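Report on one structure; see the data block that follows.
These figures come from a predicted structure and were not determined experimentally. Throughout, protein chains are lettered first and strands after them, A, B, ... in sequence-line order, and every chain is numbered starting at 1.
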Amino acid sequence: MPRFTFKKEEKLKSKRLIDALFSEGNSITRFPLKLIYLPAKLPEDTLIQAGVSVPKRRFKLAVKRNRIKRLMREAYRLNKHLVFNKMQTSYAFMFLYLANEEPDLHQLNKTMQQLLHQLLKRTHHEKESG
RNA sequence: UCAGCAGGCCACCUUAUCGCUUUGUGCUGAAACAAGUUCAGGACAGGGAGGAAAGUCCGGACACCAUAGUGCAGCAUAGCGGGUAACGCCCGUCCCCCGGGUACUCGGGGAGGACCAGUGCAACAGAAAGCAAGUACAGUUCGGCUGUAGUGAAAUCAGGUAAACUCUAUGCGGUGCAACGCCAUGUAAACCCAUGUCCCGACAGCUAUCGGGAGAGAGCGGCACGUUCGAUGUGGGAGGGUAGGCGGUUAGAGGUGGUUGGUAACAACUAUCCGAGAUAAAUGAUAAGGAGGUUCUGAACCAAGUUCAGAAUUCACAGAAUCCGGCUUAUGGCCUGCUUUUAUU
C-alpha cells in the first residue's frame, strides 16, 4: 500500500530549475495535460520534484486557477507511485493545463495515468538507445 | 400580492476516507558521556480565506532616504461645526434643487469659497453681447448728444459662467515589506577607465595622528536656497555571480456585552472573547446524507398565490501576500420598517 503524499520537498520551487525545464525539457502531451520533464540534480532522498501551472491567459480568475492546480496536484499525488519506484535518475516535472474548461478529477486521473505510463516507456527507450 | 427605498444578518452543513500547511506535546533513530541542542521519521491534539480577500482610488501605521527644512513650481480639498491616528471618509446643521405631502414636515440629491483683480467663453433671438458696428421715431444746448421702440435673462450699462484659466484659504517631501536588518554563497573593500587635497596649529623634522578652515565632486523626486557627506572618495564601463535562509510577520486605532457622556458620528471606563501566515504560493479532493434556492409535475384551498408531495439541479461574486480605516465595483439569499400597485373578504 503506497502512501499518497505530496510534501514540500517534492514540490518544484527553484526558479533556475524551472527555467531550465522550459528551455531544455522534453514534453509529452495527452490532452488536456502537458508534461515537461528533465533529468535534474535534486537534494538527497528526493527522487522527483513536480510543479503545476495553469496559464493566466486561459483562466482570468485566481479562484479557477487555484481549483485546477489543486486537482492537478491531487491527480499527481494519487498516481505518482506508478513512476516512483521505477526510475533510477531523478527528474523535475512540470504539468501544464491546456484546456479552456474546468476539468473533473476522474478525467484528470485517467489522463495522468496514461501520461505517466507513456513517460516510463519514453525514458526506458531513451536509456536503451542512448 | 407587486415594485421601490432604507437598515441589519448569513455566505451551505454533517460524517467517512485520502491529503496540504502551521503550532504545541511527547516518542523513535542519528550526531558528543549527562543536561540541553540539532537533524530525520512517524504519532496525538489544536489553528488554517473574504464581505468584498477584488479595483489599487483616498487616508494612515511602519521602514529607509537627512528628526524631511524654506521659497517657487506641482497636486489635492472647498458653506459652517464636530468625530477620527488620518482622510477626498463619517455625523450634525444652514442654504439651494427635485419628489411627495400640505401650511408644516418627510424622503432624495448638491465639486454649495471668490467673476466690484485680470483673461476667456456664451445656444436662439437681435443691427450689435467688447474693439467693431449702430435700424426707426422723437427731443435737442446741433455733440451721432439724449430718450423711446424692437430682440433678449441681460444692451458701451452691467449681468451670467470658476467639473474655464485664475484668485483665496488649507493640506501635501520621496519611495514602498521586492521597504529594511542579519546570515550563507561568491576571487567580492575584486577588475578596467576617468577624475580628485590643500592651508593653519599641536611635536625640532618627515610619515602618521588630533583640532580648525577651505574644498573638486556627490546625496536630499523638479528649480533656487539650504543642508549633509566628502579623498580608504566620486562617477562610468565590461564581464561574472547570487536570486537561498532567518528576522520584519502577524494581538490589532480588534470583536462582543454593559455603564457613563454626546442629537449623532464617536469617546472614556469595565467585563469577556478571538488570533491564517503561505512564498511556483497551504487552507484541498472524493463519496454519502441533509438544509436552502431555482425549475418542472401533481394534489388541496375562493383568488393573485400559498401549503404539501415527488423529480431534476449543487448553483452568486469571488482566493489572503506587511498591517489597519474608508471609498468604489461584482454578487446569491433571509429578516425588519416605510411608500406604492394588484387581488380577495
Side-chain angles (χ1 to χ4, degrees):
Chain A
M1 174 80 186
R3 284 184 49 82
F4 303 104
T5 61
F6 185 41
K7 299 220 165 190
K8 241 183 186 175
E9 293 74 31
E10 292 176 31
K11 289 180 184 168
L12 185 59
K13 294 183 180 184
S14 159
K15 192 182 169 185
R16 212 155 37 131
L17 249 181
I18 293 166
D19 286 345
L21 204 55
F22 277 113
S23 56
E24 301 167 27
N26 298 315
S27 69
I28 302 174
T29 305
R30 176 66 53 110
F31 195 81
L33 292 179
K34 179 177 188 177
L35 167 63
I36 301 175
Y37 64 97
L38 186 71
K41 216 180 160 185
L42 297 178
E44 273 185 62
D45 305 330
T46 308
L47 191 60
I48 294 173
Q49 281 194 339
V52 297
S53 178
V54 178
K56 203 172 188 175
R57 212 154 38 99
R58 294 182 197 274
F59 295 95
K60 239 181 79 188
L61 293 181
V63 172
K64 289 190 180 165
R65 288 199 302 277
N66 268 345
R67 156 100 183 150
I68 294 168
K69 279 152 86 174
R70 280 165 179 162
L71 287 174
M72 284 165 77
R73 270 191 230 114
E74 192 75 0
Y76 173 72
R77 179 174 77 81
L78 295 174
N79 292 301
K80 67 172 189 175
H81 63 276
L82 292 175
V83 293
F84 232 68
N85 297 320
K86 297 169 186 165
M87 296 255 203
Q88 276 83 35
T89 40
S90 52
Y91 274 88
F93 288 167
M94 175 62 78
F95 295 94
L96 300 180
Y97 189 74
L98 302 175
N100 288 321
E101 294 82 33
E102 286 188 59
D104 64 283
L105 188 67
H106 288 302
Q107 172 209 338
L108 223 51
N109 248 332
K110 233 189 220 170
T111 314
M112 180 65 77
Q113 285 165 16
Q114 293 170 351
L115 204 58
L116 293 180
H117 278 305
Q118 197 164 346
L119 174 76
L120 273 181
K121 259 191 238 166
R122 190 83 84 82
T123 51
H124 233 65
H125 187 73
E126 278 168 12
K127 204 158 282 171
E128 279 173 7
S129 68

Have a look at [N] and give me syn or anti from its glycosidic angle (syn if within 90° of zero).
| N | value |
| --- | --- |
| G289(B) | anti |
| G83(B) | anti |
| A184(B) | anti |
| U38(B) | anti |

Partner nucleotide of [N] by Watson-Crick or wobble geometry (both distances under 3.5 Å):
| N | answer |
| --- | --- |
| U256(B) | A271(B) |
| C338(B) | G4(B) |
| U141(B) | none |
| U232(B) | none |
| G74(B) | C172(B) |
| C80(B) | G92(B) |
| U67(B) | none |
| G261(B) | C266(B) |

Whole-Å distance separating the [atom1] atom of [X] from the [atom2] atom of [N]:
| X | N | atom1 | atom2 | result |
| --- | --- | --- | --- | --- |
| Lys60(A) | C317(B) | NZ | C1' | 13 Å |
| Lys80(A) | G19(B) | NZ | P | 10 Å |
| Leu61(A) | A49(B) | CG | C1' | 16 Å |
| Leu108(A) | G284(B) | CG | C1' | 14 Å |
| Asn109(A) | A285(B) | CG | P | 14 Å |
| Gln107(A) | U286(B) | CD | C1' | 16 Å |
| Lys64(A) | A318(B) | NZ | P | 8 Å |
| Leu78(A) | G19(B) | CG | C1' | 8 Å |

Tyr37(A) and Phe93(A) aromatic ring geometry - parallel, tilted or perpendicular at 30°/60° bounds: perpendicular
Partner residues of Arg30(A) under the side-chain contact (heavy atoms from CB on, under 4.5 Å) criterion, sequence neighbours left out: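 Per chain and number, Arg30(A) pairs via side-chain contact (heavy atoms from CB on, under 4.5 Å) with Thr111(A), Gln114(A), Leu115(A), Gln118(A).
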Pick the [atom1] atom in [N] and in [M], then give their distance to the nearest Å.
| N | M | atom1 | result |
| --- | --- | --- | --- |
| U279(B) | A243(B) | C1' | 14 Å |
| G82(B) | G171(B) | P | 16 Å |
| A264(B) | U84(B) | P | 15 Å |
| U146(B) | C157(B) | C1' | 15 Å |
| A155(B) | G130(B) | C1' | 12 Å |
| A114(B) | G109(B) | P | 24 Å |
| G160(B) | A117(B) | P | 13 Å |
| G176(B) | U322(B) | P | 14 Å |

Separation of [Y] [atom2] from [X] [atom1] (nearest 0.5 Å):
| X | Y | atom1 | atom2 | answer |
| --- | --- | --- | --- | --- |
| Leu35(A) | Met94(A) | CG | CE | 10.5 Å |
| His106(A) | Leu71(A) | NE2 | CG | 11.0 Å |
| Arg65(A) | Arg58(A) | CZ | CZ | 13.5 Å |
| Lys64(A) | Arg67(A) | NZ | CZ | 11.5 Å |

All ring-ring contact (aromatic ring centres under 6.0 Å, His included) counterparts of Phe95(A), not counting sequence neighbours: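 Counting only residues at least two positions away or on another chain, Phe95(A) forms a ring-ring contact (aromatic ring centres under 6.0 Å, His included) with Tyr76(A).
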First encountered from the 5' end of RNA chain B, between Met94(A) and His106(A): Met94(A)
Of Leu105(A) and Ser53(A), the one whose closest RNA chain B nucleotide lies more 5':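 The residue mapped nearer the 5' terminus is Ser53(A).
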Selection: residues 65-74 of chain A, any non-hydrogen atom under 4.0 Å of RNA chain B: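 Contacting residues: Asn66(A), Arg67(A), Arg70(A), Leu71(A), Arg73(A), Glu74(A).
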Cluster link Leu61(A) to Phe59(A), ILVMFWY, side chain under 4.5 Å: no
Check: Leu33(A) and Leu108(A) side chains under 4.5 Å, non-hydrogen atoms: yes
Minimum heavy-atom distance Val54(A)-Ile68(A), with the two atoms named: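 Looks like CG2-CG2, 3.6 Å.
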Candidates G19(B), A318(B), A320(B) - which lies nearest the side chain of Arg77(A): G19(B)
